[in-house]
4 protein chains.
Amino acid sequence: MAEIKNIGVYTSGGDSPGMNSAIRAVVRTALYYNLEVTGIRRGYEGMITGDLFPMDRKSVANIVQRGGTILKTARSEEFRTPEGRQKAYKQLKRYGVDALVGIGGDGTFTGAKVFSNEFGIPIVGLPGTIDNDLQGTDFTIGYDTAINTVVEAVDKIRDTAESHDRLFIVEVMGRDSGLIALRTGIASGAEAILIPETKTNIEALYHRLEQGRRDKSSKILIVAEGDEAGGAFEIGRLVKEKYPNYDTRVSVLGHMQRGGHPTCMDRVLASRVGVAAVEALMHGHSHEMIGVINGQISYTPFESAIKHNVEVDANLLRIVDILSL
Amino acid sequence: MAEIKNIGVYTSGGDSPGMNSAIRAVVRTALYYNLEVTGIRRGYEGMITGDLFPMDRKSVANIVQRGGTILKTARSEEFRTPEGRQKAYKQLKRYGVDALVGIGGDGTFTGAKVFSNEFGIPIVGLPGTIDNDLQGTDFTIGYDTAINTVVEAVDKIRDTAESHDRLFIVEVMGRDSGLIALRTGIASGAEAILIPETKTNIEALYHRLEQGRRDKSSKILIVAEGDEAGGAFEIGRLVKEKYPNYDTRVSVLGHMQRGGHPTCMDRVLASRVGVAAVEALMHGHSHEMIGVINGQISYTPFESAIKHNVEVDANLLRIVDILSL
Amino acid sequence: MAEIKNIGVYTSGGDSPGMNSAIRAVVRTALYYNLEVTGIRRGYEGMITGDLFPMDRKSVANIVQRGGTILKTARSEEFRTPEGRQKAYKQLKRYGVDALVGIGGDGTFTGAKVFSNEFGIPIVGLPGTIDNDLQGTDFTIGYDTAINTVVEAVDKIRDTAESHDRLFIVEVMGRDSGLIALRTGIASGAEAILIPETKTNIEALYHRLEQGRRDKSSKILIVAEGDEAGGAFEIGRLVKEKYPNYDTRVSVLGHMQRGGHPTCMDRVLASRVGVAAVEALMHGHSHEMIGVINGQISYTPFESAIKHNVEVDANLLRIVDILSL
Amino acid sequence: MAEIKNIGVYTSGGDSPGMNSAIRAVVRTALYYNLEVTGIRRGYEGMITGDLFPMDRKSVANIVQRGGTILKTARSEEFRTPEGRQKAYKQLKRYGVDALVGIGGDGTFTGAKVFSNEFGIPIVGLPGTIDNDLQGTDFTIGYDTAINTVVEAVDKIRDTAESHDRLFIVEVMGRDSGLIALRTGIASGAEAILIPETKTNIEALYHRLEQGRRDKSSKILIVAEGDEAGGAFEIGRLVKEKYPNYDTRVSVLGHMQRGGHPTCMDRVLASRVGVAAVEALMHGHSHEMIGVINGQISYTPFESAIKHNVEVDANLLRIVDILSL
């Protein structure tokens with residue numbers, strides 16, 4: 001194994017709050033160990049077009065608290081082709097980059113795996129996605145911020161729901177995962193949550209609404225966008241049909257869930273795995289995502305990290321039922 | 001004019017942040033002057049059904065900071081009928097209420113005017129609506145909070161817009177009024193704002209997008225829900241058709257704009273007009289909305305307050321154009 | 001073991017955000033299992049004076065998001081005496097309370113242990129403190145909220161620090177524990193953190209300040225109030241003496257760290273352990289604090305929970321050093 | 001009057017949220033009118049040392065929402081000397097700067113007046129200070145943000161005050177002015193406010209505390225740092241001496257009041273006066289501060305703006321008394 005001298009860092013796929021904290025940690029740790037660092041803009045796309053630049057301490061000053069990613073992100077069709085990847089490799093060579101840290105989700109890691117196999121360049125990944133749907137880490141960078149953004153928005157919606165005795169159906173992000181819906185449902189005192197991991201029983205939902213209606217002045221349902229019964233608008237349509245005299249409203253929280261200042265925990269997580277990523281590369285790791293499990297740094301092969309069979313904690317589901325009584 | 005002994009207070013129409021600060025001010029001021037206060041729940045609906053209760057200092061403890069309205073609000077069809085209003089008057093008599101403070105918008109004041117004329121009970125109104133679309137006050141209670149909620153949400157959206165070089169079309173509240181869109185558009189550095197008060201020139205919008213596209217990495221358009229060119233989804237459809245290679249997204253902020261803790265200015269405004277409302281009733285005022293114009297308490301007849309011809313400040317519109325260059 | 005029919009719930013010691021979420025969970029879970037619930041105001045003090053009242057679903061409506069504790073809290077000298085505890089027991093009898101859930105920190109659990117031993121009443125505890133200094137749970141209820149409050153305040157301070165090239169010494173809560181300082185130091189990009197668990201090396205601090213001063217325009221030091229070198233004012237005094245030409249300021253964040261809406265994670269944690277507490281009592285548990293370790297509910301004897309030898313994660317300390325380079 | 005070609009912009013004195021929005025508006029407006037813009041870092045200090053640089057649209061991208069000032073600020077002793085000002089003028093000449101916009105408070109304007117008189121360079125000022133203590137504008141840039149920061153902090157403090165039945169004495173910024181204390185006192189439901197503009201009557205304060213104590217569980221006093229009776233610690237000492245059995249705490253909010261994202265209104269105000277400043281220079285104005293009075297742009301000679309005899313609105317003071325009943 002050749003000694004690493006210059007680490008390239010990039011963000012890819014959907015952005016998430018805390019990516020900047022992770023970039024900062026990678027850059028500062030590399031400099032701490034007297035390595036060079038190269039920033040790559042717009043993920044694999046910028047790698048192909050050569051949008052690379054040397055980073056120093058100042059490059060990451062005052063970004064620990066910023067949402068988004070200063071390296072920007074993009075999806076790249078060209079990187080899916082051997083020709084595209086060949087171009088990318090040439091650019092890395094040109095800039096002297098001999099190892100990579102990729103921050104993102106499963107698209108990021110899938111690309112990294114193929115690329116690393118083809119060109120023998122060591123790559124480790126950091127879990128940057130608001131969805132929390134990766135194996136090999138308890139939480140992904142951005143999840144904690146996203147659920148707080150949702151909870152703060154639902155707190156506001158509750159104010160008006162209470163004032164009007166309304167039923168609100170709130171759609172949160174999660175195309176394949178109900179993990180945002182699950183914790184925000186508990187935290188915002190939702191009547192019920194609808195998630196893709198469990199079959200939505202619409203009759204049970206009606207039952208719960210009727211039961212609760214007796215003495216509760218307002219109601220919140222949290223629906224993950226990927227729920228198989230349809231999103232919030234479809235559930236809203238069904239509820240309005242069934243209970244035309246309920247004052248029912250739908251709210252889709254949308255892209256604000258991707259932004260905002262990262263929470264303390266997201267910054268700490270990003271900082272920890274950022275430090276560990278550089279040290280992992282120095283110790284010969286590659287093809288692995290760096291996460292935190294039970295408070296300890298963990299290393300998970302890319303193919304295992306992206307398996308996407310994150311199970312929903314049945315205990316948390318049970319809590320929604322008990323507390324929304 | 002008979003001396004007032006018992007003031008009834010109610011909120012009606014759409015709720016807005018700061019209504020609780022106003023209720024608190026009305027209650028405390030009445031008690032300060034040794035008057036009794038009666039809370040009326042759910043606006044005119046509760047007046048008819050008799051949902052009245054005596055309020056004391058404790059009734060309004062620790063509510064100055066809460067969104068929504070502890071008195072709840074509702075729309076009442078029955079109050080539009082003479083029979084409904086007759087019932088309402090009987091309930092007020094039963095509880096000894098001999099004057100009213102109604103907090104809300106034009107529906108609230110229209111009802112108040114008719115009711116006061118029919119039964120000779122003095123009523124003053126307080127401007128409680130996030131839309132800022134009343135005459136007779138520089139700002140309505142809730143407007144300042146709503147525009148800050150919008151700006152904070154757009155700040156989050158900008159994080160992800162910047163990271164992806166995306167164009168976001170953000171819809172804000174304002175069925176008949178572009179005042180929320182106007183100030184939030186300036187404050188969030190929007191490329192353009194689309195409001196019902198001005199004819200939307202779609203060609204000019206295209207021109208602006210093309211111009212700005214040259215060197216700006218992301219873009220925000222703010223669309224008032226009542227814009228005559230259609231809401232954000234329609235504008236999004238047009239833009240996507242015209243510029244299929246732009247990465248364009250639509251976000252409808254929705255009901256979270258109605259909730260949340262009132263800002264300092266909304267609490268101060270609500271407190272000021274709440275005090276002034278009680279003093280106005282004591283001095284024989286009726287049929288008037290109490291507002292603040294140029295820092296001074298102002299009294300505006302209900303029929304003038306609801307005229308809805310609030311003009312958009314041409315200077316503010318001009319600023320959007322200059323700054324989004 | 002007699003079957004439990006009526007669970008008393010109280011908060012005691014310093015309040016923390018999320019206590020209300022925990023109270024709500026205890027009440028709703030008890031009702032879910034058809035048990036009665038009795039609220040006890042002002043902790044052991046109210047137990048002695050008989051400030052007890054029956055709670056139903058409405059008692060905990062719309063509190064999941066509120067800071068503080070609706071049951072209030074107090075310190076009780078009288079409860080330290082056998083006579084005081086005798087009075088408390090009589091009050092519980094009078095109201096039919098046959099089991100208790102106490103929410104608080106080590107004072108709460110110490111009292112609970114003695115009381116339960118004397119009168120044979122089963123008691124379980126929930127970890128409610130911002131300091132995170134209890135064994136038997138990864139996090140205490142309120143810690144996550146407190147560290148976010150600190151980080152948001154330091155983000156604001158950084159704005160002005162950057163503008164003026166100033167050095168800020170910020171004191172955060174933690175009389176015996178540096179855990180708030182530790183994570184907030186990492187998250188706010190602090191130059192250094194000073195905590196009671198490690199001997200403060202003032203010469204090393206000077207060295208770090210000089211090193212960083214070369215190219216960093218502003219600096220933040222985070223000092224735990226219980227640091228053995230003295231609080232922020234003493235450190236400020238030393239730094240000003242050593243570097244009279246630095247523009248040095250001290251800020252003590254103070255009691256705002258105890259309040260505010262609980263974060264999503266604090267609400268989820270509080271909800272989980274609240275449900276588990278009632279189920280634990282039903283299954284015969286007593287003398288135990290209910291926490292969450294590695295994502296699983298855990299049961300820790302009171303005497304172990306309060307041992308206070310929570311170690312500071314050396315890895316986190318190392319991260320401060322690397323990243324503040 | 002020679003035509004202006006290159007406008008220099010600087011921030012000076014204490015920073016305030018919204019300064020960046022103002023800088024952005026000045027830069028964009030100048031470019032809109034095809035003028036050049038030169039940024040001057042660190043106020044008069046940077047003017048002397050020649051820390052000037054050309055600004056373009058990108059220089060102010062994505063800063064409308066940022067606290068602090070990207071141009072930084074500093075105090076300059078040397079600028080008080082004719083020699084210092086001579087140096088500054090030479091630097092401006094060197095960079096071709098032929099007009100200035102200075103953003104700050106009275107120190108900024110005093111310097112601007114002298115400098116403009118000496119060298120005949122036109123200068124207009126923008127009111128950037130959180131204290132709101134300038135004549136010629138209803139509000140200064142940063143005041144609205146600062147009062148919201150205070151109110152949010154006091155909301156948190158109230159949570160813990162309520163839980164413990166405590167009396168909190170909270171010190172807010174305002175060395176010569178009680179305007180922050182005044183509005184935040186009303187908005188946070190304070191028992192009383194103590195400000196430099198009115199003689200503090202300590203006996204009246206005791207009376208109010210005793211009266212309120214009867215049925216209010218907690219209390220908040222807001223003290224401006226410049227109150228002539230001493231700051232919060234001195235008031236705390238007196239109250240503790242008089243009422244040793246009250247649970248009394250002091251909290252000094254400190255420098256966080258200077259930072260944070262500007263509110264919507266601060267951004268709009270900063271944008272308006274930023275546009276107006278450039279247009280004023282183009283129309284031959286100089287020696288004037290640009291503000292907004294009653295919704296209209298206003299022009300006030302520097303010597304009038306800094307007169308510092310901003311009166312406290314007696315009506316607002318009266319409201320504190322009535323509502324804290």
Side-chain angles (χ1 to χ4, degrees), chain A residues 11-17 19-20 41-43 45 66-75 128 130 142 145-146 149-150 152-166 168-171 173 217-218 220 232-233 247 249-262, chain B residues 11-20 41-43 45 66-75 128 130 142 145-146 149-150 152-166 168-171 173 217-218 220 232 247 249-262:
Chain A
T11 50
S12 157
D15 63 320
S16 75
M19 280 185 161
N20 280 330
R41 287 201 194 86
R42 293 171 51 79
E45 195 63 28
R66 292 212 189 128
T69 158
I70 60 164
L71 293 178
K72 294 181 179 273
T73 180
R75 300 190 190 271
I130 63 167
T145 305
T149 298
V150 169
E152 284 167 27
V154 178
D155 282 354
K156 287 185 169 69
I157 289 173
R158 176 188 300 284
D159 284 341
T160 186
E162 288 276 325
S163 300
H164 286 270
D165 292 339
R166 272 179 181 156
F168 267 90
I169 300 167
V170 180
E171 185 175 301
M173 282 193 163
S217 63
S218 67
I220 308 280
F233 281 108
D247 191 356
R249 302 292 160 111
V250 171
S251 190
V252 177
L253 296 187
H255 276 80
M256 59 178 284
Q257 293 168 80
R258 290 207 172 279
H261 297 295
Chain B
T11 50
S12 157
D15 63 321
S16 75
M19 281 186 159
N20 280 329
R41 288 202 192 85
R42 294 170 50 77
E45 193 65 28
R66 293 215 185 124
T69 158
I70 60 164
L71 293 178
K72 292 177 180 277
T73 180
R75 302 193 188 269
I130 63 167
T145 305
T149 298
V150 168
E152 285 167 26
V154 178
D155 282 354
K156 288 184 169 69
I157 289 172
R158 176 186 300 283
D159 283 341
T160 186
E162 287 276 325
S163 300
H164 287 271
D165 291 339
R166 273 179 181 154
F168 268 91
I169 300 166
V170 180
E171 184 176 302
M173 282 193 162
S217 64
S218 67
I220 307 279
D247 192 356
R249 303 292 160 111
V250 172
S251 190
V252 178
L253 295 186
H255 276 81
M256 58 177 286
Q257 293 168 80
R258 290 206 171 282
H261 297 294

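Just the heavy atoms: all of them, side chains too, but no hydrogens, waters or symmetry mates, feed the values below. So that the names make sense, note that chain A is the first sequence line, chain B the second, and so on, each numbered from 1.
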Task: Exercise: identify the closest heavy-atom pair between B/Ser251 and A/Gly254 - done: OG-CA, 4.5 Å

Open item on the list: Tell me which of these, A/Arg66, A/Gln257, A/Arg249, A/Glu152, has more heavy-atom pairs under 4.5 Å with chain B than the rest.
Closed with: A/Arg249

TODO: Over all heavy atoms of both residues, which pair between B/Asp159 and A/Gly67 is shortest? Give the atoms and the distance, please.
DONE: OD2-CA, 3.5 Å

Task: Spacing of B/Asp15 atom CG and A/Glu162 atom CD [to the nearest 0.5 Å] - done: 10.5 Å

TODO: For residues A/His164 and B/Gly13, report the shortest heavy-atom separation together with the two atoms involved.
DONE: CE1-O, 3.5 Å

Task: Check: B/Ser163 side chain, A/Thr69 main-chain N or O, donor-acceptor pair, under 3.5 Å - done: yes

TODO: Measure distances from A/Thr160 to the heavy atoms of chain B and classify the residue's part below 4.5 Å as side chain, backbone, both or neither.
DONE: both

Task: Side chains of A/Arg258 and B/Lys156 in contact at under 4.5 Å (non-hydrogen atoms) - done: no

Task: Structural part of B/Arg42 lying under 4.5 Å from a heavy atom of chain A - done: side chain

Task: Max heavy-atom pair count under 4.5 Å with chain B, selected residue of A/Ile70, A/Thr11, A/Asp155, A/Thr73 - done: A/Thr73

